[in-house]
Trainee: 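Shown below is the structure under consideration.
Side-chain atoms are counted along with the backbone in the values below, which use heavy atoms only and exclude waters and symmetry mates. Just so you know, these numbers come straight off a predicted model, no measurement behind them. In each ligand, atom 1 is the first atom listed, and ligand 1 is the first ligand listed.
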Amino acid sequence: MSLITVGTMAFDAIETPFGKSDKIIGGSATYVAYSASHFTQPIMQISIIGNDFPETELKDLQARGVMLEGVESVADKKSFFWSGKYHLDMNTRDTLVTDLNVLADFEPVVPNSYQQAEFLMLGNLMPKLQKSVIQQLKTRPKLIVMDTMNFWMETALDDLKEVLMMVDVLLVNDGEARLLSGEYSLVKAAKKIMAMGPKYLIIKKGEHGALLFHQDHVFFAPALPLEEVFDPTGAGDTFAGGFIGHLAKTKDISFENMKTAIIMGSAMASFCVEKFGTQRLKEINRQDIQHRISEFIDLVNFDIDIV
Ligand code: AMP
């Protein structure tokens with residue numbers, strides 16, 4: 001049960017119509033690791049941090065079974081910083097600041113102790129760095145899942161297309177699926193994107209759930225209707241962590257099990273948005289997750305008699 005997670009470990013400053021955070025801990029790999037650690041441990045983290053990344057946060061991650069041998073620490077630079085502002089719908093946001101800092105010269109190195117990992121989660125990061133991690137692995141993992149974002153489609157499309165050829169599952173949101181494929185219909189978009197490499201495609205639709213595509217099959221997982229969404233940041237990464245965490249735990253990469261995995265991802269994402277940053281992911285336990293899963297089952301479970 002070995003899982004490598006790659007991505008950013010960052011500071012975020014978030015503005016929503018309902019509140020504002022100071023600089024808090026974020027980053028794609030941070031959210032993925034916290035989420036996946038509820039399903040499987042150890043998590044073999046690959047990332048980079050600067051001199052401002054708090055020791056207490058590293059200890060918290062380690063306490064949850066996150067290995068940090070692959071996390072480079074740079075003494076004379078700051079960590080990646082991202083700032084975003086959400087619109088009233090809480091689904092869409094504007095990026096206000098992206099300060100690459102340590103990320104500008106990041107060259108990920110896969111430690112020897114991470115070799116032979118069976119699952120690889122490529123969190124949102126420069127596509128060429130995602131590719132470098134795949135190339136350093138002596139044995140191809142059983143499953144490679146990749147997350148990305150519109151920023152890389154706009155600035156590094158050729159690199160992105162190369163990585164797409166190397167992965168099994170791609171995770172994007174609906175806007176990104178449309179951008180990448182040039183198609184408005186998500187069904188047409190899915191066909192085009194799967195022709196670019198990934199055999200499985202997950203399209204996240206925020207509060208409207210997520211779709212899993214494979215060949216001619218499609219499965220829908222709802223999002224739990226929540227009374228309050230406090231901060232959607234990291235929901236996508238948390239979804240990814242729950243998805244791959246469940247697959248790594250069960251070691252079953254069938255389409256049927258991926259259906260369960262996207263429900264797990266949706267459940268984890270529903271916790272993430274309840275508080276700012278990673279706070280909620282640190283508080284919850286197995287019982288909370290089980291209870292939330294049963295809420296998902298109740299949400300879509302009905303008897304029907306067609307008369
Ligand atoms: P999500 O809301 O799931 O899309 O993820 C938000 C997280 O992604 C934040 O914690 C940011 O630190 C991180 N992030 C934002 N922009 C980038 C980027 N260009 N590359 C990698 N990580 C990013």
Trainee: Which of the numbered atoms in ligand 1 are under 4.0 angstrom from any heavy atom belonging to Gly234?
Mentor: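 Close to Gly234: 1 (P), 2 (O), 3 (O), 5 (O), 6 (C).
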
Trainee: Which residue owns the protein heavy atom closest to atom 11 (C) of ligand 1, what's the atom, and how far is it?
Mentor: Asp12 OD1, 3.4 Å

Trainee: To the nearest 0.1 Å, how far is atom 14 (N) of ligand 1 from its closest protein heavy atom, and which atom is that?
Mentor: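 In this structure, atom 14 (N) of ligand 1 has Phe80 CE2, 3.8 Å as its nearest protein heavy atom.
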
Trainee: Number the atoms of ligand 1 from 1 as they appear, then name those within less than 4.0 Å of a heavy atom of Gly236, with their elements.
Mentor: 3 (O)

Trainee: Any non-hydrogen side-chain atom of Tyr34 less than 4.5 Å from a side-chain atom of Thr238?
Mentor: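 In short, these two side chains do not touch, never coming nearer than 4.5 Å.
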
Trainee: Taking only heavy atoms of Met149, which atoms of ligand 1 are found under 4.0 Å from at least one of them?
Mentor: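 In order of number, 16 (N), 17 (C), 18 (C), 19 (N).
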
Trainee: Could you walk me through whether Leu120 and Leu137 pass side-chain contact (heavy atoms from CB on, under 4.5 Å), step by step?
Mentor: CA-CA 10 Å; Leu120 172 60; Leu137 291 172; 3.9 Å; yes

Trainee: Could you tell me how the ring of Phe255 sits relative to the ring of His217: parallel (under 30°), tilted (30 to 60°) or perpendicular (over 60°)?
Mentor: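 Because their plane-to-plane angle lies in the 30° to 60° range, the rings of Phe255 and His217 count as tilted.
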
Trainee: Just checking, is any N or O donor in the side chain of Gln136 or Ser132 under 3.5 Å from an acceptor N or O on the other one?
Mentor: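 Present: a donor and an acceptor within the cut-off.
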
Trainee: Quick one: does Arg93 get within less than 4.0 Å of ligand 1, heavy atoms only?
Mentor: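 Checking ligand 1 against Arg93, which is what was asked, there is a heavy-atom contact under 4.0 Å.
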
Trainee: How far is atom 21 (C) of ligand 1 from the closest protein heavy atom, and which atom is that?
Mentor: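 Ranking protein heavy atoms by distance from atom 21 (C) of ligand 1, first comes Asn124 O, 3.2 Å.
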
Trainee: Considering non-hydrogen atoms of the protein only, which is the closest contact for atom 3 (O) of ligand 1, and what is the distance?
Mentor: Asp237 OD2, 2.9 Å

Trainee: By ring pair (Phe, Tyr, Trp, His ring centres under 6.0 Å), which residues pair with Phe18, not counting sequence neighbours?
Mentor: none

Trainee: Which residue and atom name correspond to the protein heavy atom nearest atom 22 (N) of ligand 1, and how close is it?
Mentor: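 Nearest neighbour among protein heavy atoms for atom 22 (N) of ligand 1, to 0.1 Å: Thr8 OG1, 3.0 Å.
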
Trainee: For the CG atom on Asp158, are there more than 12 heavy atoms of other groups (residues, nucleotides or ligands in this structure) within a distance under 6.0 Å?
Mentor: no

Trainee: Among side-chain atoms of Asn124 and Trp152, is any donor-acceptor pair under 3.5 angstrom?
Mentor: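 Side chains of Asn124 and Trp152: pair found under 3.5 Å.
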
Trainee: What atoms of ligand 1 come closer than 4.0 angstrom to any heavy atom of Gly26?
Mentor: 10 (O)

Trainee: Which pair of non-hydrogen atoms, one from Ala75 and one from Asn51, has the smallest distance, and what is that distance?
Mentor: O-ND2, 2.9 Å

Trainee: side-chain contact (heavy atoms from CB on, under 4.5 Å) for His246 and Asn257? Distances and angles first, verdict last.
Mentor: CA-CA 9 Å; His246 172 76; Asn257 199 39; 3.0 Å; yes

Trainee: Going by the order shown, which atoms of ligand 1 are within less than 4.0 Å of some heavy atom of Trp152?
Mentor: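 Under 4.0 Å from Trp152, ligand 1 has these atoms: 19 (N), 20 (N).
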
Trainee: Nearest non-hydrogen atom to atom 15 (C) of ligand 1 belongs to which of Tyr31, Tyr86, Trp82, Phe239?
Mentor: Trp82

Trainee: Does ligand 1 have any atom sitting under 4.0 Å from a heavy atom of Thr98?
Mentor: no

Trainee: Does Phe81 have a non-hydrogen atom less than 4.0 Å from ligand 1?
Mentor: no

Trainee: Strictly under 4.0 Å, does any heavy atom of Phe11 approach an atom of ligand 1?
Mentor: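 No; Phe11 lies far enough from ligand 1 that no heavy-atom distance drops under 4.0 Å.
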
Trainee: Just by distance, with hydrogens left out, do Ser28 and Asp237 show a side-chain donor and acceptor under 3.5 Å apart?
Mentor: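 Their side chains do not contain a donor-acceptor pair, so the 3.5 Å distance test is not met.
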
Trainee: With distance as the sole criterion, is a donor-acceptor pair present between the side chains of Ser2 and Tyr114 under 3.5 Å?
Mentor: no

Trainee: Can you list the atoms of ligand 1 that are under 4.0 Å from a heavy atom of Gly27?
Mentor: 9 (C), 10 (O), 12 (O)

Trainee: For Ala10, counting its heavy atoms only, list the atoms of ligand 1 lying under 4.0 Å from any of them.
Mentor: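 Within the 4.0 Å cut-off of Ala10, ligand 1 contributes 12 (O).
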
